[in-house]
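I have placed the structure first, in the form of structure tokens, so that the comments after it can refer back to it.
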Amino acid sequence: MLDIKFIRENPDAVKNACKVKGFPDNTDEILALDTRVRELKTLTQTKTAEKNKITREIPTATDKAPLIAASKTIGEEIANELTELSEKEAQLNDLLHRVPQIPSPDAPIGPDESANVEIRRVGEPKKFDFTPRAQWDLLDMNDWWAPEKIAQICGTRTYCLKGEAAELQLAIETYVIKKLISKGFTFIECPAITKPQTIFDAGHFMGSDLSVMNNDVFMLTDTDRCLAGTAEIILNSLHSGEILAENALPIKYAGFSPCFRKEAGAAGRDTRGLARFHQFNKVEQYIYCKPEQSDEMHEHLLNNLCEIMEDLELPYRVIANSTGDMGFNKVKMNDVEAWVPSENAYKELGSCSSIGTFQARRTNTRYRENATGEVKYVATLNNTGIAVPRALVPILENHQNADGSVNIPKKLQPLMDGRTKIGGKH
RNA sequence: GGAGACGUGGCAGAGUGGUUGAAUGCGCGCGACUCGAAAUCGUGUAUACAGGCAACUGUAUCAAGGGUUCAAAUCCCUUCGUCUCCGCCA
């Protein structure tokens, strides 16, 4: 959420953000409610001060009865005004949770992904001297999965990897975690079960009614819990309510967890292969920093993912996502997409996002500035480290050989007992 | 799942209805003493919101929410969390 003071002082910026991101504009209603809430606060607080004054005189008064009566009367007046105040505050709170984050002026303006801009392309799509196979054919011929059986027993959009492909997935996860640790990230094994409030505080959902997430989040029946869609949720709340020391920033976390998504809006998409499941594993990069460090940290996070693409020897490109595509809570967003030969296209493997202080306001995560002693909200950022099994799609396809074997990227070979390739007729 | 104990400021720890936002100690900031430091002494040390140009004033906050009362950290209820014992268990 945004600071109400910012909205008061910059209504046009807020209105513009609603417009370019494609969210309803409630700015005028917010400002009207804000004015009324402040009036009521001033009124009730003045009366409460009066009442407190009377109350404090009671213990030492010789004739207590009139004071008690006066206090009671004024108390009833306050109660009435408080009713209106809490109604107005609830309305205001709901609307404030519907105001999108202001996008960066650098972000391309547009309604959806069609307005995204490619900003960088690294590596050339590989030329094969044979017809490259699609991921599912490679998986089939090497007996690396069991899609029909798993769909029967676990339902659609679940997967299992078998044998060397499962080993490879584990190696990729381990590789990325180790790499991030070497870059100063603290590795955190995150729970996947959480409370809905925690998901809400990550700022992907609007309004004050938590049930809006039921469409996207797996709720656990007869409990107060649900399944987190990403470790970002947990990492985002890790310092909720705290005032961090300025010296402690930036804080860098590499979270690892299974991720659960209903994929309600993706019916029919990516139904074949390893691209989209209800459950997958993800290494997540997450940073808390001072707002003025945010751009630098964004580059750091983005660069880490690009390095990982290069370590995995994948041709990739970096996208600047448009205002309409970046989502509710983001300042800017860069997707990283890897080349997938069978689709003759770049496909998303990761998403680097600057959130500004938007999440920190929801979680109440702040830091104290050394020089001034001032308490300020931190900025937060997140990026994918690696998401599997999706990352296996370009890895299998780009590194395949004519016999159906798959070369292991050099950096992964030590984690695969030195093997240089897997599968094929060997 | 059963039984019990508990949740106070950065930390430790007083406080069981009336100027208690909260004693005391530690920590930390500033100042004095010192060549410097230690020790010592003095002094300060939460957050949010509202009002004010400001100095400042007011309101709220003792896990969270609700209730009783003229008045709640203190009494009652609910929730959340922590600890101990038992049960179960990777």
Side-chain angles (χ1 to χ4, degrees), chain A residues 1-9 30-97 189 191-201 208-211 219-220 222-226 233-234 237-249 251 257-258 357-378:
Chain A
M1 62 190 288
L2 297 181
D3 186 357
I4 181 66
K5 286 180 199 154
F6 177 87
I7 300 174
R8 264 178 226 151
E9 288 160 17
I30 286 170
L31 293 175
L33 276 169
D34 174 50
T35 303
R36 183 60 185 152
V37 163
R38 283 194 288 164
E39 280 170 9
L40 287 167
K41 274 191 179 170
T42 307
L43 187 64
T44 53
Q45 287 180 3
T46 309
K47 287 197 178 178
T48 305
E50 225 176 292
K51 180 169 180 281
N52 287 346
K53 195 175 165 229
I54 296 169
T55 294
R56 277 193 289 262
E57 288 167 4
I58 290 173
T60 51
T62 44
D63 188 7
K64 293 181 167 62
L67 291 172
I68 290 174
S71 179
K72 209 165 184 170
T73 308
I74 201 166
E76 281 157 12
E77 286 176 32
I78 294 167
N80 288 334
E81 283 147 13
L82 241 33
T83 306
E84 187 190 347
L85 177 60
S86 62
E87 280 167 14
K88 291 283 192 296
E89 274 191 311
Q91 286 170 29
L92 179 60
N93 183 51
D94 182 73
L95 289 179
L96 283 175
H97 282 85
E189 176 95 31
I193 295 178
T194 187
K195 296 182 185 177
Q197 184 67 49
T198 310
I199 295 186
F200 188 75
D201 286 344
S208 54
D209 179 5
L210 269 54
S211 68
M219 307 304 293
L220 298 172
D222 295 332
T223 73
D224 61 347
R225 313 293 181 83
C226 53
I233 304 298
I234 311 302
S237 287
L238 219 47
H239 296 288
S240 60
E242 295 181 19
I243 298 173
L244 302 162
E246 182 181 345
N247 304 350
L249 301 173
I251 297 173
S257 75
T357 58
F358 199 83
Q359 289 177 326
R361 286 180 194 282
R362 286 203 180 182
T363 58
N364 196 25
T365 306
R366 295 169 293 172
Y367 74 100
R368 191 186 303 279
E369 211 168 50
N370 284 337
T372 60
E374 241 181 292
V375 175
K376 295 178 169 177
Y377 286 98
V378 299

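Only this structure's heavy atoms are used, side chains among them; waters, hydrogens and symmetry mates stay out. By convention in this document, chain letters (A, B, ...) are assigned in the order of the sequence lines, proteins followed by strands, and residues within each chain are numbered from 1.
For the P atom pair drawn from rG29(B) and rC77(B), the interatomic distance equals 45 Å after rounding to whole Å. Comparing the P positions of rA12(B) and rU57(B) gives a spacing of 32 Å, expressed to the nearest Å. Here, rA64(B) and rG81(B) have their P atoms 15 Å apart, quoted to the whole Å. Of the C1' atoms belonging to rC33(B) and rU40(B), the separation is 9 Å, rounded to the nearest Å. With P as the reference atom, rU68(B) and rG7(B) are 25 Å apart, rounded to whole Å. Comparing the P positions of rU47(B) and rC85(B) gives an interatomic distance of 39 Å, to the nearest angstrom. Straight-line distance between the C1' atoms of rG15(B) and rU8(B): roughly 9 Å, to the nearest whole Å. A distance of about 10 Å separates the P atoms of rC41(B) and rG25(B), rounded to the whole Å.
Straight-line distance from the NZ atom of K195(A) to the P atom of rU79(B): 13 Å, rounded to whole Å. Summarising the geometry, the separation between CD on E76(A) and C1' on rU69(B) is reported as 13 Å, rounded to the nearest angstrom. Rounded to whole Å, the distance from CG on N364(A) to P on rA46(B) is 17 Å. Between N247(A) atom CG and rC28(B) atom P there is a gap of 14 Å when expressed in whole angstrom units.
For rA5(B), the paired nucleotide is rU82(B), the pair qualifying as Watson-Crick or G-U wobble because both relevant distances are below 3.5 Å. Across all strands shown, rU24(B) pairs with rA12(B); the Watson-Crick or G-U wobble distances both stay below 3.5 Å. Under the Watson-Crick or G-U wobble criterion, with both distances below 3.5 Å, rC49(B) is paired with rG58(B). For rC41(B), the paired base is rG31(B) (Watson-Crick or G-U wobble, both distances below 3.5 Å). Base pairing of rC70(B): its partner is rG18(B), meeting the Watson-Crick or G-U wobble criterion (both donor-acceptor distances under 3.5 Å).
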Base contacts versus sugar-phosphate-only contacts with protein, heavy atoms under 4.0 Å: please encode nucleotides 48-67 of chain B as B, S and - from 5' to 3'. SBSS------BSS-------

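Remark: the N93(A) side chain and the E89(A) side chain contain no N/O donor-acceptor pair separated by less than 3.5 Å.
We find the CD1-CG distance between I4(A) and L96(A) to be 5.0 Å, quoted to the nearest 0.5 Å.
For the side-chain hydrogen bond (donor to acceptor under 3.5 Å, both in side chains) test, no residue two or more places apart in sequence or in another chain qualifies with T44(A). Residues forming a side-chain hydrogen bond (donor to acceptor under 3.5 Å, both in side chains) with T223(A) (at least two apart in sequence, or on another chain): none. Every side chain to side chain contact (heavy atoms under 4.5 Å, CB included) that D209(A) has, sequence neighbours left out, goes to S211(A). For R38(A), the salt bridge (Lys or Arg N to Asp or Glu O under 4.0 Å) partners two or more places apart in sequence, or in a different chain, are D34(A). For the side chain to side chain contact (heavy atoms under 4.5 Å, CB included) test, no residue two or more places apart in sequence or in another chain qualifies with D222(A). Under the side chain to side chain contact (heavy atoms under 4.5 Å, CB included) criterion, A70(A) pairs with I54(A), sequence neighbours left out. D94(A) pairs by the side-chain hydrogen bond (donor to acceptor under 3.5 Å, both in side chains) definition with R98(A), S208(A), not counting sequence neighbours. Remark: I58(A) pairs with K64(A), L67(A), I68(A) by the side chain to side chain contact (heavy atoms under 4.5 Å, CB included) rule, at least two apart or across chains. Partners of E77(A) under the side-chain hydrogen bond (donor to acceptor under 3.5 Å, both in side chains) rule, at least two apart in sequence or in another chain, are K47(A).
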Are there any protein N/O atoms within less than 3.5 Å of an N/O atom in nucleotides 70-72 of chain B, and if so, which ones and at what distance?
from, atom 1, to, atom 2, distance (Å)
rC70(B), OP1, K72(A), NZ, 3.4
rC70(B), O2', T55(A), OG1, 3.3
rC70(B), O2', S71(A), OG, 2.2
rA71(B), OP1, K51(A), NZ, 3.3

Restricting both atoms to N or O, compile the protein contacts to nucleotides 73-78 of chain B shorter than 3.5 Å, with distance only.
none

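Not one N or O on the side chain of E369(A) forms a donor-acceptor pair closer than 3.5 Å with the backbone of E374(A).
Along RNA chain B, the nucleotide closest to G373(A) and the one closest to P59(A) are compared, and the more 5′ of them pairs with P59(A).
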Chi angles and distances behind the salt bridge (charged side-chain N to carboxylate O under 4.0 Å, His left out) call for E84(A), K88(A): CA-CA 6 Å; E84(A) 187 190 347; K88(A) 291 283 192 296; 3.5 Å; yes

